[in-house]
> 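Sending over a structure as structure tokens; questions will come in a sec.
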Amino acid sequence: MIELGGGAAAPADDLIKDVNESTFMQDVVDASQEVPVIVDFWAPWCGPCKTLGPALEAEVTAANGAVKMAKIDVDQNQMIAGQMQIQSIPAVFAFYKGQPIDGFQGALPPSEIKAFVDRVIEAGGGDPSGGLDDAIEAAAMMLEEGDASDAAQTFAAILEEDDQCVAAYAGLARSYLAMDEMDQAEAVLNGVPAEISSDAMIEAAFAQLALARQAAQAGPLAELTAAVEANPDDLQARFDLATALNANAQTQEAVDALLEIFRRDREWNEGAAKTQLFTIFDALEAKDPIVLNGRRKLSSMIFV
């Protein structure tokens, strides 16, 4: 298992400061020699500032020292506002190496605020994820190498740092599936925040869970193969064979079996073959050749 963070986060009062004309040089120009500094020009009477300011502070705090923030009340610091040619607020500028490198005026939605902060951090050579991207990559490697337990612990630790991390939820669920702990995987996926629950990675993990539950009930591969060979028109036997094939990591063969069911009777069992095909496709990478070829073959049958 790996350690997250790499050290204590900078205290909030060091990351975010109220700055005036006498401290601007030290807290903005000099401080920006090391990391970027975002300067928020605001005023107590400015309505949009009351929303934008806290949103910026939250993103700066989450960056764990990769960026700092200076808050400047334009009413109390008119000389700086004049020098920066501030004509309306909120106005935000980012400084690095003593120079302004980015900025915007007016309120922004949360996604654009995060994108701005990430862009500023990257301009300063930092990691917008605060090291979490490296941790996600390491956990994924653990899982790929068969160390599902440590992978699960790492993904769980990532979620403690960022409870909106789609990759960590999906990775944690896949780790539990690798350990045959399907109820735990389901609990993780059911606990995904609503705002990210429709992400493709989460949908893929749900599909993998559905296939894992089917695999646990799959019949003997040899017997099902023999049943289909004895009666090729037995579509239930062919469907059961597809389930067993997929459970035995013979995904291409499973897709072929389902496509054959669809070719013979696309409406069989309320379109079960098509539904199962989409479940398998969702569980795989979108660019997987099995997915690309399978979707193409299915489409050719649908629109024939």
Side-chain angles (χ1 to χ4, degrees), residues 140 143-146 148 151 166-167 169-186 188-190 192 196-304:
L143 184 55
E144 184 176 332
E145 294 176 349
V166 171
Y169 281 110
L172 182 56
R174 288 189 290 109
S175 298
Y176 282 130
L177 288 178
M179 293 185 285
D180 292 326
E181 297 181 14
M182 287 179 276
D183 289 343
Q184 287 276 45
E186 184 173 17
V188 169
L189 294 174
N190 288 336
V192 173
I196 60 174
S197 61
S198 61
D199 187 274
M201 294 180 70
I202 302 302
E203 292 181 349
F206 267 117
Q208 291 159 9
L209 172 62
L211 293 173
R213 290 199 184 281
Q214 291 175 7
Q217 303 298 321
L221 189 57
E223 291 182 15
L224 291 168
T225 301
V228 172
E229 290 175 349
N231 184 4
D233 294 328
D234 186 345
L235 300 188
Q236 182 62 60
R238 197 177 290 273
F239 187 89
D240 293 342
L241 173 60
T243 300
L245 286 166
N246 194 66
N248 284 272
Q250 298 181 48
T251 309
Q252 182 63 67
E253 291 81 356
V255 168
D256 290 341
L258 293 166
L259 286 170
E260 179 61 18
I261 294 173
F262 188 82
R263 187 189 68 79
R264 288 170 176 262
D265 184 357
R266 64 180 62 189
E267 301 300 330
W268 175 78
N269 197 15
E270 299 182 345
K274 181 180 177 182
T275 299
Q276 183 74 346
L277 281 166
F278 284 145
T279 300
I280 292 175
F281 295 158
D282 287 344
L284 298 172
E285 294 286 341
K287 295 183 179 180
D288 190 304
I290 295 176
V291 175
L292 297 175
N293 293 331
R295 287 189 183 277
R296 178 178 53 79
K297 291 178 181 178
L298 181 61
S299 295
S300 69
M301 292 182 190
I302 292 174
F303 297 109
V304 67

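Bear in mind the structure is a predicted one, so any value in this text is a computation, not a measurement.
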> Compare all side-chain heavy atoms of L221 with those of Q250 and state whether any distance is below 4.5 angstrom.
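Yes, close enough: below the 4.5 Å cut-off.
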
> Could you check whether any side-chain heavy atom of I261 comes within less than 4.5 Å of a side-chain heavy atom of W268, counting everything from C-beta outward?
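A side-chain contact under 4.5 Å exists here.
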
> How far apart are the closest heavy atoms of L235 and R264, and which atoms are they?
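Closest approach of L235 to R264: CD2-CD, 3.8 Å.
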
> Any heavy-atom pair between the side chains of E253 and N248 that's under 4.5 Å?
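A side-chain contact under 4.5 Å is absent here.
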
> If you define the side chain from C-beta out and look only at heavy atoms, does anything of D288 sit under 4.5 Å from F281?
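The answer is no; the side chains never approach within 4.5 Å.
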
> Nearest 0.5 Å, please: how far is CG in L258 from NZ in K297?
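Spacing of NZ (K297) from CG (L258) equals 12.5 Å.
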
> If only atom types and distance count, is the side chain of D234 paired as donor or acceptor with the main-chain N or O of A237 below 3.5 Å?
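Such a contact is found between D234 side chain and A237 backbone.
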
> Measure across A207 and A283 and return the closest heavy-atom pair with its distance rounded to 0.1 Å.
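Scanning both residues, the minimum pair turns out to be CB-N, 3.7 Å.
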
> Please give me the minimum heavy-atom distance between R238 and P232, naming the atom from each residue.
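Looking at all heavy atoms of both residues, the closest pair is NH2-O, 2.9 Å.
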
> So, do D282 and F206 sit near enough that their side-chain heavy atoms are less than 4.5 Å apart?
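Side-chain contact under 4.5 Å: no.
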
> For residues L259 and G294, report the shortest heavy-atom separation together with the two atoms involved.
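Taking every non-hydrogen atom into account, CD2-O, 4.2 Å.
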
> Could you grab the distance from atom CZ of F262 to atom CG of L277, nearest 0.5 Å is fine?
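If I round to the nearest 0.5 Å, the distance is 8.5 Å.
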
> Nearest 0.5 Å, please: how far is CD1 in I280 from CG in L284?
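The distance works out to 7.5 Å.
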
> For residues Y169 and I196, determine if any side-chain heavy atom of one lies less than 4.5 Å from a side-chain heavy atom of the other.
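Yes - at least one pair of side-chain heavy atoms lies under 4.5 Å apart.
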
> For atom CD of E285, decide whether the heavy atoms of other residues, nucleotides or ligands shown that lie under 6.0 angstrom number more than 12.
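No - once you tally the heavy atoms of other residues, nucleotides and ligands closer than 6.0 Å, there are 12 at most.
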
> May I ask you to test the L211-T243 pair for a side-chain heavy-atom distance under 4.5 Å?
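Of all side-chain heavy-atom pairs linking T243 with L211, none is under 4.5 Å.
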
> I need the D240 CG to L245 CG distance, nearest 0.5 Å.
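Answer rounded to 0.5 Å: 11.0 Å.
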
> Between NZ of K274 and CE of M301, what distance do you get to the nearest 0.5 Å?
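Separation between the atoms: 12.5 Å.
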
> If I compare all heavy atoms of A205 with all of A173, which pair ends up nearest, and what's the gap?
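Heavy atoms of A205 and A173 come nearest at CB-CB, 4.4 Å.
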
> Do Y176 and E186 make a side-chain contact, defined as non-hydrogen atoms from C-beta onward lying under 4.5 Å apart?
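Side-chain contact under 4.5 Å: no.
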
> Counting only heavy atoms not in Q252, do more than 12 sit closer than 6.0 Å to its CD atom?
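For Q252, atom CD is crowded (more than 12 foreign heavy atoms under 6.0 Å).
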
> What's the shortest heavy-atom distance between V291 and A286, and which atoms?
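The pair with the smallest heavy-atom distance is CG1-O, 3.8 Å.
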
> Calculate, to the nearest 0.5 Å, the distance between atoms CZ and CG belonging to R174 and L189 respectively.
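It comes to 10.5 Å.
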
